[in-house]
2 protein chains.
Amino acid sequence: MRNFKPVKQPRISDVIFQQLKNAILANEFKAGDKLSSERDLSEQFQVSRVAVREAIRALENAGFVAIRQGLNGGAYVTDLTFEHLANACLDLFLSNKISIHELHHVRILIEPEVARLATLHTNPEWNERLLMAYKGEHPPGASLSEDIASATRVHFILAEICGNRFLEALVNSLLKLSRKIIEEIRPNPPSSIHPPGLHGPIVDAVLAGDADAAAEAMKTHAKIFYDNLVRVEKDYREHGSASYRLKDEARLQGGERL
Amino acid sequence: MRNFKPVKQPRISDVIFQQLKNAILANEFKAGDKLSSERDLSEQFQVSRVAVREAIRALENAGFVAIRQGLNGGAYVTDLTFEHLANACLDLFLSNKISIHELHHVRILIEPEVARLATLHTNPEWNERLLMAYKGEHPPGASLSEDIASATRVHFILAEICGNRFLEALVNSLLKLSRKIIEEIRPNPPSSIHPPGLHGPIVDAVLAGDADAAAEAMKTHAKIFYDNLVRVEKDYREHGSASYRLKDEARLQGGERL
DNA sequence: TTCAATCTAATGGTCTAACATTTACACGGT
DNA sequence: ACCGTGTAAATGTTAGACCATTAGATTGAA
């Protein structure tokens, strides 16, 4: 006997969202191209502006377009990145669905492999960048934010070198998560968390082209960092999540888009 | 000299989104609770219904609530899951930002660790489930969809057992990605991709409590599966992505929500 | 009583039409 | 050449109406 599926009216905005998304995925728009205006699209689709608007907002939330206001404003197609994945992960962490322990177990699993792969893919140009990043860590007079950024740059570069964009995305998410936790929860310099020179053995091994040593050095580093991070988590638990939320709201009031 | 940040008016709907999201993350709503109706909220926030509506739709897109229509309809708070992460990954794959090779490299890295952890966390009840899943693979007369589901159940159960929800989420995403590719691109039985008995060594090792053997068996399995999947990718490249997109649209017309 | 058909009201979905705000750019005066 | 200023095009927001969907109350017949 046939198994009919229940019929359910899809939302108009979802249908439009699909069509636009597929057009973008099929490369009918290059990154930087502008979609037609809401009013134009509402004529083309023969629906109200509201429906089009909701579809475009969904595209924005999914990271496909960036919306600008004003003359020459509109929905500009973006290069699909992994940014919003990291944000989604952050939400999961904040809702206590992921612990720092779980997060770090994954990191200890992944980052050594990244270091290993990176070692196999290096070339003089990359080595140069890696060394520059390492030497530029903890610049004097930097703000907390800049300091953390400089201290994690080595990780990002290795992830870029490793040649696997999925791994790169994972590392990005993991680091961003760690970083946000530190930055938001503990607003004093992270020197105790990320002491200078911690990346030395990793950089040395990569530059020397020794994949196993690089992986091992990264593993050691990740474990040390983990121990430090556990202390941060303790603080986090004591303070609760209120301070984080307040900052989140303040940033939005300041005009930052989601 | 002070470094003033440019002031930018945030969207009203984004401010509301933040407030609702924070309320949910702060557990002011249990899963299953209903937010007030759009009309009520628009009075509380002193904004138009449209603004509230956009905020709620954003919550839905982010996976925080499920919207139901009709009497007793509204936005119901959901248990935040990793579902939408997998969907976002799928988009990245379709936009050729991730290759099957990269995807599988990650899988070969992660799943053995999952198998290892699972072995350390088993108990009679889990073992029973695992064995049931294994024996229930490839039921006769099943549809393609059911067949694939049965063949991947062992992986999902292991991911559940392993005790790390981040790893579990990753495995879910990876498998879902593989599955979607196979299911959508190659609409004939996957027996050649997933021959019966392939999970035997893994299940045996886990039940025997041998973590190293379990990891090794999983690694071997993943590599075999990978080789098979490469063939699928070839087909995929030949057929292009058009067939996939058509199915996507058809499903939506059938009423499935995004 | 029981059950099924019908009605009802609450809620999300959609539309229209207007006005507000933002912003790149052209135009003009100095 | 420069600096204001206006302008137009785009998104942002509002109000109010109506449509579609749905659970539950009401009704009525067996």
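In what follows, every heavy atom counts, from backbone to side chain, and hydrogens, waters and symmetry copies are set aside. Note on naming: letters A, B, ... go to the chains in the order of the sequence lines (proteins, then strands), and numbering restarts at 1 for each one.
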May I ask you to say whether B/Arg57 pairs ionically with B/Glu60, meaning some side-chain N is under 4.0 Å from a carboxylate O?
-> yes
The side-chain contact (heavy atoms from CB on, under 4.5 Å) partners of B/Val47 (sequence neighbours excluded) come to B/Ile12, B/Ile16, B/Phe45, B/Ala51, B/Val52
Could you go through nucleotides 13-17 of chain D and list every protein N or O atom that sits under 3.5 Å from one of its N or O atoms, giving the distance for each pair?
| from | atom 1 | to | atom 2 | distance (Å) |
| --- | --- | --- | --- | --- |
| D/dT13 | OP1 | B/Ile12 | N | 2.7 |
| D/dT14 | OP2 | B/Ser48 | N | 3.2 |
| D/dT14 | OP2 | B/Ser48 | OG | 3.0 |

Does the side chain of B/Asn72 get closer than 4.0 angstrom to OP1 or OP2 of C/dA10 through an N or O atom?
-> no
Residues passing the salt bridge (Lys or Arg N to Asp or Glu O under 4.0 Å) test with A/Glu102, sequence neighbours excluded, are B/Arg165
With heavy atoms under 4.0 Å as the rule, sort B/Gly70 into base, sugar-phosphate or nothing.
-> base
Measure the distance from CD1 on B/Ile67 to C1' on D/dT22 and round it to the nearest whole Å.
-> 16 Å
Residues passing the side-chain hydrogen bond (donor to acceptor under 3.5 Å, both in side chains) test with A/Arg49, sequence neighbours excluded, are A/Glu38
Got a sec, which residues hit salt bridge (Lys or Arg N to Asp or Glu O under 4.0 Å) with B/Asp79, two or more places apart in sequence or on another chain?
-> A/Lys97
A/Arg153 meets the side-chain contact (heavy atoms from CB on, under 4.5 Å) criterion, sequence neighbours left out, with A/Ala133, A/Ala149, A/Ser150, A/Ile157
So, is A/Lys8 near the phosphate of D/dT22, with a side-chain N or O under 4.0 Å from OP1 or OP2?
-> yes
Considering only nitrogen or oxygen atoms on both sides, find all protein atoms under 3.5 Å from nucleotides 5-8 of chain C and state each distance.
none

Could I get the full list of side-chain contact (heavy atoms from CB on, under 4.5 Å) partners for B/Arg68, not counting sequence neighbours?
-> B/Tyr76
Qualifying residues under salt bridge (Lys or Arg N to Asp or Glu O under 4.0 Å), relative to A/Glu160, sequence neighbours excluded | A/Arg129
